[in-house]
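Remarks on the structure that follows.
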Amino acid sequence: MIKISVPATSANLGVGFDCLGLAVSLYSAASFEPYDVKLTISGCAPKYQSEDNLIYRAFVKGCQFLQKDVPNVKITIDNHIPISRGLGSSAFCIVAGLMGADAWFDGGLSKEQLLDLATEIEGHPDNVSPAIYGNLGASFIDENEVQTVHFEVAADLHFVALIPDYQVSTEKARQILPKEMSYQTAIYQIGHAVALSKAFEIGDLKLIKSAIVDKMHEPYRSQLIPDYQAAKEICQDNAGVMYISGSGSTMMAITTDGDAADKIISNIKKSFPNWETHHLSVDTKGATAI
Ligand SMILES: Nc1ncnc2c1ncn2[C@@H]1O[C@H](COP(=O)(O)OP(=O)(O)O)[C@@H](O)[C@H]1O
Ligand SMILES: N[C@@H](CCOP(=O)(O)O)C(=O)O
């Protein structure tokens, strides 16, 4: 049996819209086995148990790229990444499906090929890059070729995923964004994004706090998260800083102190007892066949 484990990913990191993404220590896995009918899928809601399933679609794309007939397959999902919450559940599906096909045929796909194929399906590289490589990825697309570089993140940074009990669809969160932005805002974003990447690498929380403040998507998307302001205040009151993870609804807190992370969790639980929270570290390995 082939089993692919993929880390959750937190995209954008504030100012790095569609470019920056971080792999974190929360994992989902998908297993692939030969079967006697075309397709059977378990471990997900009935609405995802069809040929439209994103893991299967990526598996088919992987087979086609390797010029192999798509085999009958049983897919079993062991899911821990909440769906449509801004933690890269779609990147998990895409990377797992492609790597499943590669392992099935011993196809020898390079990570670069995997990243190109995964980005083609996802449309943006910021989740799939760290899902494949681990760590913090900075990526861009040039004439259909995806370029990515990786930063190791300082080990003393703590991440806390604050996951509301409501979803935000990535599609809707992209539609509400303005079509243009000014030169002035572009200059602001570039300077902040470059400084933020360094701040993560050296673990400088003071610099993270000023560099992470986004003007490109977060002011618009915060309107889709009714509890954004309250969550932000809880993080700030407990020596942390917070950004919208991916397109939301998850908000990610960063601290340099385990006690502060625990305080953020207990205060969030008091105000929002139905939210899920996870105290996370950075995943350094990316997706693996296990
Ligand atoms: N465990 C899963 N099982 C089946 N489909 C999934 C799973 N996780 C994610 N998906 C697919 O990915 C979509 C969510 O993608 P998206 O809205 O981009 O959210 P996210 O922010 O979690 O990546 C779902 O609608 C579904 O098609
Ligand atoms: N850059 C994308 C990232 C979406 O991430 P997801 O985890 O919400 O799928 C965006 O912000 O739209």
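Each ligand, and each atom within it, is numbered from 1 in the order the structure gives. Everything quoted here is computed from the prediction, not taken from an experiment.
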Qualifying side chain to side chain donor-acceptor pair (under 3.5 Å) pairs, either residue in residues 53-69, two or more places apart = Lys61-Glu120
For residues 171-182, which residue pairs qualify under side chain to side chain donor-acceptor pair (under 3.5 Å), counting only residues two or more places apart or in two chains?
-> Asp18-Arg174, Ser182-Thr185
Nitrogen or oxygen of [X] less than 3.5 angstrom from that of ligand 1:
X      : answer
Ser169 : no
Ser89  : yes
Phe92  : no

Could you tell me whether Gln147 atom CD has more than 12 heavy atoms of other residues or ligands within 6.0 Å of it?
-> yes
Numbered atoms of ligand 1 (with element) below 4.0 Å of [X], judged on heavy atoms:
X      : answer
Gly86  : 21 (O)
Asn53  : 4 (C)
Thr170 : 16 (P), 17 (O), 18 (O), 19 (O), 21 (O)
Arg85  : 21 (O), 22 (O)
Gly88  : 23 (O)

Hey, any chance Val160 and Phe200 share a hydrophobic cluster, counting ILVMFWY side chains that come within less than 4.5 Å of each other, even indirectly?
-> no
Do you reckon Leu13 sits in the same ILVMFWY cluster as Leu26, going by side-chain contacts under 4.5 Å, direct or chained?
-> yes
Give a yes or no on whether the ring-centroid distance for Phe59 and Phe32 is below 6.0 angstrom.
-> yes
Student check: side-chain heavy atoms of [X] and [Y] closer than 4.5 Å:
X      : Y      : value
Ile208 : Leu196 : yes
Val149 : Ser197 : no
Phe159 : Ser25  : no

Among all protein heavy atoms, pick the one closest to [atom] and tell me residue, atom and distance.
atom                    : value
atom 15 (O) of ligand 1 : Ser90 CB, 3.4 Å
atom 3 (N) of ligand 1  : Cys44 CB, 3.6 Å
atom 25 (O) of ligand 1 : Tyr48 OH, 3.5 Å

Are Ser129 and His150 linked by a side-chain donor-acceptor pair shorter than 3.5 Å?
-> yes
Could you tell me whether the side chains of Ser245 and Thr250 share a donor-acceptor contact shorter than 3.5 Å?
-> no
Which protein N or O atoms sit under 3.5 Å from any N or O of ligand 2? Give each pair with its distance.
residue, atom, partner, partner atom, Å
ligand 2, 1 (N), Asn12, OD1, 3.0
ligand 2, 1 (N), Asp18, OD1, 2.5
ligand 2, 1 (N), Asp126, OD2, 2.6
ligand 2, 5 (O), Asn127, OD1, 3.1
ligand 2, 7 (O), Gly88, N, 3.0
ligand 2, 8 (O), Thr170, OG1, 3.4
ligand 2, 8 (O), Ser247, N, 3.0
ligand 2, 8 (O), Ser247, OG, 2.7
ligand 2, 9 (O), Thr170, OG1, 3.4
ligand 2, 11 (O), Asn12, ND2, 2.7
ligand 2, 11 (O), Arg221, NH1, 2.7
ligand 2, 11 (O), Arg221, NH2, 3.3
ligand 2, 12 (O), Arg174, NH1, 2.6
ligand 2, 12 (O), Arg221, NH2, 2.9

Name the atoms and distances for all side-chain donor-acceptor pairs under 3.5 Å in residues 40-50, with sequence neighbours left out.
residue, atom, partner, partner atom, Å
Gln49, NE2, Cys44, O, 2.7
Ser50, OG, Asp52, N, 3.1

Could you tell me if any non-hydrogen atom of Ser84 lies under 4.0 Å from any atom of ligand 1?
-> yes
Whether Cys93 lies under 4.0 Å from ligand 1, heavy atom = yes
Can you list the steps and then say if Glu33 with Thr76 is a side-chain contact (heavy atoms from CB on, under 4.5 Å)?
-> CA-CA 9 Å; Glu33 295 169 78; Thr76 309; 4.2 Å; yes
Out of Leu54, Ile94, Val168, Ile81, whose heavy atom sits nearest atom 12 (O) of ligand 1?
-> Leu54
